[in-house]
There are 2 protein chains.
Amino acid sequence: MSVAVDIHNHFLPESWENLAERFGEPNWPWMKHLGCGKAMLMVGDQEFRPVYSATWDVHKRLEEMDRDGIDHQVMSVTPVLFAYLRKPEHALDCARMFNDMALEMCARSGERIHAIAQVPLQDVDASCREAERAMANGHIGVELGNHVGNKDFDDEGIITFLQHCAHIGCPILVHPWDMMGGGRMSRYMLQWLVAMPAETHLTMLSLILSGAMERIPESLRICFAHGGGNFAFTLGRADNAWKYRDIVRENSPLPPSSYVKRFWIDSAVFDERALDYLVSVMGDDRIMLGTDYPYPLGEQQMGSLIRHAKHLDHHQKTRILGENASKFFNRSFDKRI
Amino acid sequence: MSVAVDIHNHFLPESWENLAERFGEPNWPWMKHLGCGKAMLMVGDQEFRPVYSATWDVHKRLEEMDRDGIDHQVMSVTPVLFAYLRKPEHALDCARMFNDMALEMCARSGERIHAIAQVPLQDVDASCREAERAMANGHIGVELGNHVGNKDFDDEGIITFLQHCAHIGCPILVHPWDMMGGGRMSRYMLQWLVAMPAETHLTMLSLILSGAMERIPESLRICFAHGGGNFAFTLGRADNAWKYRDIVRENSPLPPSSYVKRFWIDSAVFDERALDYLVSVMGDDRIMLGTDYPYPLGEQQMGSLIRHAKHLDHHQKTRILGENASKFFNRSFDKRI
């Protein structure tokens, strides 16, 4: 059996200090426990998402990893806690707090659960320091939200942080958050269904078309959640535009498809044909198991999409389930179940 | 040789009345001719897009159709002229003017160029009347922008118009416009690359998840530009969300993938793998040749993506190149070259 490493799943501690009180500002997230292992993640007085004990309970996580044949998880915080639009000192404090709580959870997992850290991305220096502190403490990478207000990944500060991550060998998972579209996305979870994959698309094209990828060392390991959103599917459109419009290509010496080999993506697309498509465009060495566990929009039977994929051979499945994660995180993940 | 019918391409007349003067409001589109068959489409004093004579010159269009083996075109106005955010009476006046000019162009084409009409979608009654007038005058369908400000296709007025189109047998091409994302899309043509396919995605999911598709007769023929944007690629994500979140499925009795057979899309994706993917998800009976001719982001050699597709057989190519258009428009398109 291939080693299975889930690189995209989320945690929240069972409870944490009242952040609204700590920072003297309203509308911070908190956990409203409902009993029987159920809870509602709240933002201020608004219900944000129903969650259950796997979100915070290491024992429950391991039980479900065993059930689904997942050897390792690399967990990251839920984006609602990024705090990029808060005061930088609050975001740094929040990052340190949740990063430390993540490592406490990892410590109880028998080295099967690992964590990537959050950073206060609105403050580049603080982000560099927190990434270093986190890596020194046991985190194996960082999770970034895909923008900071109107600053996308062609922002000079964010490019500086990405360069720093390349220099210190810190892998990055980019997760969409703070979704575009305003009130038009307020129904039917369109923020998650339409805006999230568009956010990731915007980030990847901003990195390419700004020329940022030319300034970031090739050693950077950067992965995009949800199969890279809409990037791969619309790559033909981007290449065609690069070819025929000077305003598309003016900062980017190579067509967008040339940069495919600089990016990793996860497998969280919930459709075998979409996964096949991603293998054909990104390559089977660039895709890693990602489940979005333990949330309702995640893969309910973790790993099943890859394991049941009819058009992938054993070697491809082995790569996507775990081998690629070893390369991406530059460490071995051993067979545990 | 299969008949080739391009159902997604655009026109503008060579010139038209000064709309800013006519309506007493600034920032209407106008054509700034630069000589030698080149022009700049202007909006007020802003450059909007470089265009060339094929945009307005029927002879040039026919010459390029002959060059690329395109028998018929179904042309539609450039979305910048939709005027949905203007006063309804101005939008109606604008629609009538450009619809009539479109038919003048068609009349000079030897029945090789056909037109679909614009309507003032902010005014449902006026839209119904203009669609009827246009169909009576020779238009073979309508082109709709994919939203009217914050009103998406789950808006009651728009649903009423769609129902009316089903009743009068008027096919619809939905084109993204007025793109989401604000200033974050201002660079590198991200409005076209990221926001346009997201706009179309939003429209298709709004139709499904609102329950509107349950209220619109199955006889409605509705096609979405640019391969339906991000809809097909992210369908697994939408189905998964429908399955596991009540707030996604509360108005929609069936999962999103159930509605695939109610939609048509065009082939304007500029990548053979993406086209293969669309065939696998939407079916080869639901895709029609669309080029976005004669614009720089269009298919420069019209029809080449389909004709050179390695994984499509002759029958599939025949359907996508023209047979499906005959069914969609409920009329025959004969071989002309």
Side-chain angles (χ1 to χ4, degrees), chain A residues 147 150 152 154 180-185 187-190 192-198 201-202 205-206 208-210 226-227 229-230 232-241 243-245 247-252 256 268-277 280-281 296-300 305, chain B residues 147 150 152 154 180-185 187-190 192-198 201-202 205-206 208-210 226-227 229-230 232-241 243-245 247-252 256 268-277 280-281 296-300 305:
Chain A
H147 65 113
N150 284 327
D152 280 289
D154 52 353
M180 66 178 76
R184 294 176 63 204
M185 298 287 179
R187 295 151 295 177
Y188 332 124
M189 294 194 81
L190 294 174
W192 281 261
L193 303 182
V194 172
M196 272 197 167
H201 189 191
L202 173 54
L205 279 188
S206 294
I208 291 171
L209 296 177
S210 66
H226 313 122
N230 303 320
F233 183 65
T234 57
L235 199 49
R237 184 169 176 79
D239 269 13
N240 189 62
K243 202 165 170 186
Y244 296 109
R245 282 308 300 271
I247 55 174
V248 173
R249 69 176 169 262
E250 60 190 355
N251 297 314
S252 178
V269 291
F270 312 100
D271 185 288
E272 197 175 320
R273 297 165 301 194
L275 182 62
D276 289 342
Y277 179 81
S280 78
V281 172
L297 262 52
E299 184 176 38
Q300 301 299 311
L305 178 68
Chain B
H147 65 111
N150 284 328
D152 279 290
D154 53 352
M180 66 178 76
R184 295 176 63 206
M185 298 287 179
R187 294 151 296 180
Y188 333 124
M189 293 194 84
L190 293 174
W192 281 261
L193 303 182
V194 172
M196 271 197 168
H201 189 191
L202 172 55
L205 280 188
S206 295
I208 292 171
L209 296 176
S210 66
H226 313 123
N230 303 319
F233 184 66
T234 57
L235 199 49
R237 185 167 176 80
D239 268 13
N240 189 61
K243 201 165 171 185
Y244 297 110
R245 279 310 298 273
I247 55 174
V248 174
R249 68 176 170 263
E250 60 190 354
N251 297 313
S252 178
V269 292
F270 313 99
D271 185 288
E272 196 175 320
R273 297 164 302 195
L275 182 61
D276 290 343
Y277 178 82
S280 78
V281 173
L297 262 54
E299 186 177 36
Q300 300 299 311
L305 178 67

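Here is the naming used below: chain letters follow the sequence lines, and residue numbers restart at 1 for every chain. From a predicted model like this one, the values you see are computed outputs, not experimental measurements.
Top candidate by heavy-atom pairs under 4.5 Å with chain A, chosen from B:M180, B:R273, B:M189, is B:R273. Heavy-atom pairs under 4.5 Å with chain A peak, among B:L202, B:N150, B:L190, B:V269, at B:L202. With chain B as partner, the option from A:G236, A:A268, A:A232 having the largest number of non-hydrogen pairs under 4.5 angstrom is A:G236.
By the side chain to side chain contact (heavy atoms under 4.5 Å, CB included) test, A:D239 pairs with A:P255, A:P256, A:S257, sequence neighbours left out. Listed by chain and residue number, nothing satisfies the salt bridge (charged side-chain N to carboxylate O under 4.0 Å, His left out) test with A:R249 (two or more places apart in sequence, or in another chain).
Between A:F233 and B:F233, the two ring planes are parallel [angle under 30°; tilted spans 30° to 60°].
Looking at B:T234, the atoms closer than 4.5 Å to chain A (heavy atoms on both sides) all sit in the side chain, from C-beta outward. Heavy atoms of B:R245 lying under 4.5 Å from chain A belong exclusively to its side chain. Within the 4.5 angstrom heavy-atom criterion, only side-chain atoms of B:Q300, from C-beta onward, approach chain A. A:D276 does not touch chain B: none of its heavy atoms, backbone or side chain, sits under 4.5 Å away. Within the 4.5 angstrom heavy-atom criterion, atoms from both the backbone and the side chain of B:I247 approach chain A.
A:L193 and B:A238 make their closest contact through CD2-CA, 4.1 Å (heavy atoms, listed as atom of the first residue, atom of the second, distance). Nearest heavy-atom pair across B:S210 and A:Y188 is CB-OH, 3.1 Å. When all heavy atoms of B:G298 and A:N240 are compared, the pair lying nearest together is O-ND2, 3.1 Å.
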